[in-house]
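Order of the sequence lines sets the chain letters (A, B, ...), proteins ahead of strands, with each chain counted from 1.
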2 protein chains.
Amino acid sequence: MVRNHGKESDAPAPEGSLEQRAYAALRDALIQGGFPPGEKLSIRRIAVALGVSPMPARAALRRLAAERCLDIAPGGAAIVPLITRAEYREITRIRCLLEPEAAATAVPRLTGEEIAVLRAIAAEAKAARSSGDEETYRRGDRLLHQRFFAAAGQPLLLSLIETLWMRRSAIIAQARPLLPARPDKDDHDALIAAAETRDPAAAAEASRSEIERAAAYLMTRLRFPDDPAEPVDGWTTLRRING
Amino acid sequence: MVRNHGKESDAPAPEGSLEQRAYAALRDALIQGGFPPGEKLSIRRIAVALGVSPMPARAALRRLAAERCLDIAPGGAAIVPLITRAEYREITRIRCLLEPEAAATAVPRLTGEEIAVLRAIAAEAKAARSSGDEETYRRGDRLLHQRFFAAAGQPLLLSLIETLWMRRSAIIAQARPLLPARPDKDDHDALIAAAETRDPAAAAEASRSEIERAAAYLMTRLRFPDDPAEPVDGWTTLRRING
DNA sequence: CATGATGGAGTGTGATCACACTTTCGGGCC
DNA sequence: GGCCCGAAAGTGTGATCACACTCCATCATG
């Protein structure tokens with residue numbers, strides 16, 4: 001299983017099967033916003049881009065589709081999801097059901113050591129946001145929540161939350177240039193403070209308010225596929241010059 | 001894509017790609033309890049059992065694993081999940097978060113016609129239970145909830161609920177010989193009655209109480225992998241006959 | 001010049017083979 | 001008789017090829 005043909009190429013990940021590496025690479029690209037929503041990801045193109053045979057590429061794409069990180073076009077092609085406003089509302093709603101519960105459950109189980117780690121991650125994320133490094137911020141934000149929720153010790157709940165985050169990511173990452181002036185007033189701090197005071201209810205409330213605040217902000221700032229068409233290239237800005 | 005080699009074999013499903021058919025067949029078998037929990041499902045064995053090449057069998061198994069209908073053993077083999085008491089509690093907990101919400105959302109959107117269909121399904125299920133046909137009962141129970149929740153118009157929420165049901169099914173179907181004397185006092189009726197009176201709160205409450213009642217019942221009646229060992233075949237019942 | 005046919009490129013699906021690894025079971029040794 | 005080792009069957013992974021189908025551009029025709 002673990003084949004080491006001397007020295008593997010370089011970037012993706014020198015561990016695991018080719019499919020796992022392809023999966024991880026595509027997943028990261030998806031999170032980071034490497035693919036625009038609606039993009040068709042064909043097996044062979046992904047394969048050559050990743051430097052592997054079509055086989056692992058197909059498996060990775062199908063796995064991502066089964067996990068709802070990708071959608072399936074009529075022909076069977078994988079496409080990065082086009083999240084509508086309605087679906088974003090749905091995601092927000094489900095997050096408000098699951099994440100506060102996970103946060104509350106995690107609070108009594110978080111060790112002081114783990115809380116310190118979370119604090120460090122939050123500080124790093126805040127610094128990244130201040131310096132305008134949105135990718136690092138978003139990675140920190142994600143990691144913080146993952147580790148927080150993971151402490152709840154409910155792997156199934158964690159995986160469902162992950163599904164929602166993955167489905168959001170394509171749209172979220174699209175908002176690259178214009179992210180948070182100050183979308184949340186230290187939501188991370190509120191969450192971690194609740195953990196330190198061992199207050200599950202406060203953690204749940206912090207989680208819920210963070211989700212709703214972020215959703216309200218992004219609903220106004222983001223452009224969705226079902227929004228009325230906006231000029232995206234020069235052609236649509238052309239107007240008749242002869243009344 | 002849609003190949004019709006004259007006349008396909010027979011049973012599984014005469015529509016869709018081989019992978020889709022293999023997927024549907026395995027999924028149904030899983031729901032029905034065709035595989036005992038812990039069973040290893042190897043690609044080639046499934047392939048010959050389904051009369052297809054290893055290729056579609058592999059894809060179907062990997063897809064089911066990605067959907068958490070199956071687990072992955074260290075070697076990469078697919079195994080039907082061994083649900084522990086802790087995980088069953090987790091499933092119940094998440095269901096109590098998601099399903100009442102889905103039920104409440106569905107209520108105002110259910111048409112009178114669809115409610116009549118649900119009533120018919122519930123009646124059929126009740127009849128099947130009375131006559132001891134547990135498989136038909138369970139299929140009706142599942143279909144009833146699926147259609148009810150589907151009316152909520154939230155496909156993502158529906159798929160998450162489906163994940164939980166699928167993960168339950170291996171254990172649930174195991175309880176074949178000893179199901180409900182009367183585990184729920186017409187929970188279906190309560191749910192449908194709430195739909196007819198257009199009372200979302202009542203639907204949510206009916207959903208929640210049904211989940212908790214069923215879980216409480218099954219927790220006492222079901223045997224879980226992490227329970228202390230019990231005689232499962234003749235050998236373990238043998239006792240020393242000499243001091 | 002516009003329009004439809006036709007070719008090629010590209011697609012997902014499936015089959016088959018090769019490879020490295022794990023498991024298992026039987027025979028030989030102590 | 002018990003234990004260990006080795007061969008064989010079985011495993012998941014990956015590569016390669018074939019096939020049916022779709023899309024699109026190009027060319028020939030009206």
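- Take A:Glu90 and apply the salt bridge (Lys or Arg N to Asp or Glu O under 4.0 Å) test, not counting sequence neighbours, and it matches no residue.
- One interatomic measurement links the two molecules: CG of B:Leu61 to P of D:dT13, which rounds to 10 Å at whole-angstrom precision.
- Rounded to an integer number of Å, the gap from CD1 of A:Ile79 to P of C:dT11 is 15 Å.
- Residues A:Glu99 and A:Trp165 meet the side-chain proximity criterion, which asks for heavy atoms closer than 4.5 Å.
- Between B:Lys40 and B:Met55, the residue anchored closer to the 5' end of DNA chain C is B:Met55, taking for each the nucleotide with the nearest heavy atom.
- Residue B:Arg62 has a polar side-chain atom (N or O) positioned under 4.0 Å from OP1 or OP2 of D:dT13.
- Along DNA chain D, the nucleotide closest to B:Ala78 and the one closest to A:Val52 are compared, and the more 5′ of them pairs with B:Ala78.
- The side chain of A:Ser42 has C:dT11 as its nearest neighbour among C:dT11, D:dT11, C:dT13.
- With distances taken from any side-chain atom of B:Ser17 to the nucleotides C:dT13, D:dG14, C:dG12, the minimum falls on C:dT13.
- As rounded to whole Å, 14 Å separates atom C1' of C:dT16 from atom CD1 of B:Ile43.
- Counting heavy atoms from C-beta outward, B:Leu26 and B:Leu70 have side chains that stay 4.5 Å or more apart.
- Under a 4.0 Å N-O distance rule, the pair A:Arg139/A:Asp28 does not qualify as a salt bridge.
- Picking from D:dG14, C:dG12, D:dT11 the nucleotide with the shortest atom distance to the side chain of A:Arg44 gives C:dG12.
- A heavy atom lying under 4.0 Å from DNA chain D marks none of the residues of residues 64-73 of chain B.
- For residues 30-44 of chain A, no pair satisfies salt bridge (Lys or Arg N to Asp or Glu O under 4.0 Å), with sequence neighbours left out.
- A salt bridge links B:Glu162 to B:Arg142: at least one charged side-chain nitrogen sits closer than 4.0 Å to a carboxylate oxygen.
- Judged by distance alone with a 3.5 Å cut-off, no donor-acceptor contact links the side chain of B:Arg45 to the base of D:dG10.
- One atom, OH of B:Tyr23, and another, C1' of C:dT13, lie 18 Å apart when rounded to the nearest Å.
- Atom CZ of B:Arg58 is separated from atom C1' of C:dG12 by 15 Å (rounded to the nearest Å).
- Of the residues B:Arg27, B:Glu19, B:Arg21, the one that meets the side-chain hydrogen bond (donor to acceptor under 3.5 Å, both in side chains) test with B:Tyr23 is B:Arg27.
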